[in-house]
Amino acid sequence: GNVDDDACPAGSLCAGPGKMYPLGRKPGTVLYGKFTVPQLPQEFDIIENTYYDYFNIFWRANPVGGYMNQFVPQLMLGNALANSSNFPSYIPHWIAMDSWHIGAQYFMGLCVPNPSFSDGFECDPATWVARAATGKLIAVEPGEVIETTFELVEVEGSYQWHLRIGVQGQPQRTSVVVADKPFMGLVESTSSWMEDTYEEIYVGSCLENYEMQTSENYPPFWEIEIDVWTVEKVYFWSEWHLEDRDICSWQPQSKVTSVESPTSQKAKWTAKLEESAIM
């Protein structure tokens with residue numbers, strides 16, 4: 001492999017439409033992703049390397065006291081945030097994994113209470129704290145087809161998001177998180193998914209991989225298909241593309257396409273290592 005002649009510090013690649021969609025408060029909307037578990041990277045270190053590969057949705061607007069709000073069921077390898085204490089404190093747990101695993105996850109960032117700030121919270125990249133709600137961790141094999149879904153569901157007059165990731169055709173191998181409140185109730189200023197804050201969501205997919213030093217650190221092939229179905233006709237779709245990140249000559253080469261109808265968008269992202277990069 002080509003050692004870091006042009007280093008990419010994070011190693012992340014992401015694809016998405018580049019704009020927010022006003023789908024966060026529309027029960028009946030279904031967001032769906034499907035990918036095949038890739039082969040393991042030729043070289044990886046379960047302590048040094050971390051792999052989070054996923055279809056996710058997140059909110060850029062946050063309530064007072066909230067910093068990050070991301071639904072991210074994912075495929076994981078290496079030293080990854082893959083579990084948590086769940087209710088009531090949602091403390092994240094990291095696990096070192098030498099084979100692929102999937103798990104549903106609601107990842108949250110909380111601001112730190114600080115009375116010297118006007119709204120009572122210090123919210124910045126240096127001080128926020130991570131919390132996570134996680135479903136069961138499931139070992140998966142290269143070649144298995146993985147499905148991710150996000151659905152906003154009405155239950156007895158209130159609204160919940162249901163996050164699922166599982167092996168296609170094997171319901172017992174499904175990991176689930178039910179988010180009955182924003183931030184799982186950890187942020188006092190917010191209590192319902194129907195608040196204005198949650199109108200606009202960002203839909204996207206990432207190979208969020210850390211400490212990638214050479215092409216051999218990447219999975220050799222990644223392909224994901226994403227479908228968004230709406231209840232009513234909409235006219236806000238935006239074409240999917242590879243998002244601007246540090247690109248190295250030895251990173252996987254991407255192709256991104258998307259097609260729209262009045263009630264759906266279908267996107268496809270393929271990221272493949274060039275043969276010459278893994279010689």
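Residue numbers count from 1 along this sequence.
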message: Aromatic contact between Trp161 and Phe150, with the criterion being ring centroids under 6.0 Å apart: yes or no?
response: no
[X] versus [Y]: any side-chain heavy-atom pair under 4.5 Å?
{"X": "Thr190", "Y": "Glu195", "result": "yes"}
{"X": "Ser215", "Y": "Gln251", "result": "no"}
{"X": "Trp240", "Y": "Ile226", "result": "yes"}

- prompt: Is a side-chain donor or acceptor of Asn56 paired with a backbone partner of Gly204 at a separation under 3.5 angstrom?
  reply: yes
Check: Leu81 main-chain N/O paired with Tyr52 side-chain donor or acceptor under 3.5 Å: yes
task: List the steps, then state whether side-chain hydrogen bond (donor to acceptor under 3.5 Å, both in side chains) holds for Ser84 with Thr134.
output: CA-CA 6 Å; Ser84 80; Thr134 52; 3.2 Å; yes
- request: Report yes or no: is the cationic atom of Arg60 (NZ for Lys, CZ for Arg) under 6.0 Å from the centre of the six-membered ring of Tyr202, at an angle within 45° of the ring normal?
  value: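 Here Arg60 passes the 6.0 Å and 45° test against Tyr202.
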- prompt: If you measure from the Lys or Arg side-chain nitrogens to the Asp or Glu carboxylate oxygens, is any gap between Arg25 and Asp196 under 4.0 Å?
  reply: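 Looking at Asp196 together with Arg25, the answer is yes, because their closest N to O distance falls below 4.0 Å.
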message: Looking at Gln172, I'd like to know if its CD atom is crowded, meaning that more than 12 non-hydrogen atoms belonging to other residues, nucleotides or ligands lie closer than 6.0 Å.
response: yes
query: Nearest 0.5 Å, what's the CG-CD1 distance between Leu31 and Ile201?
result: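 So the gap between those two atoms works out to 5.0 Å.
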- request: Please round to the nearest 0.5 Å and tell me the distance separating atom CD of Glu216 and atom CZ of Phe44.
  value: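 One gets 13.5 Å once the value is rounded to the nearest 0.5 Å.
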- prompt: Are Val30 and Val155 connected in the hydrophobic side-chain network, where two residues link if heavy atoms are under 4.5 Å apart?
  reply: no
query: Does the side chain of Ser238 pick up a donor-acceptor pair with the side chain of Tyr21 at under 3.5 Å?
result: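 Note: Ser238 and Tyr21 side chains miss the donor-acceptor criterion.
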- prompt: Looking only at heavy atoms, what is the nearest atom pair of Gln70 and Tyr106, with distance?
  reply: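 It is O-CD1, 3.3 Å.
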- request: Over all heavy atoms of both residues, which pair between Phe183 and Gly109 is shortest? Give the atoms and the distance, please.
  value: CE2-O, 3.7 Å
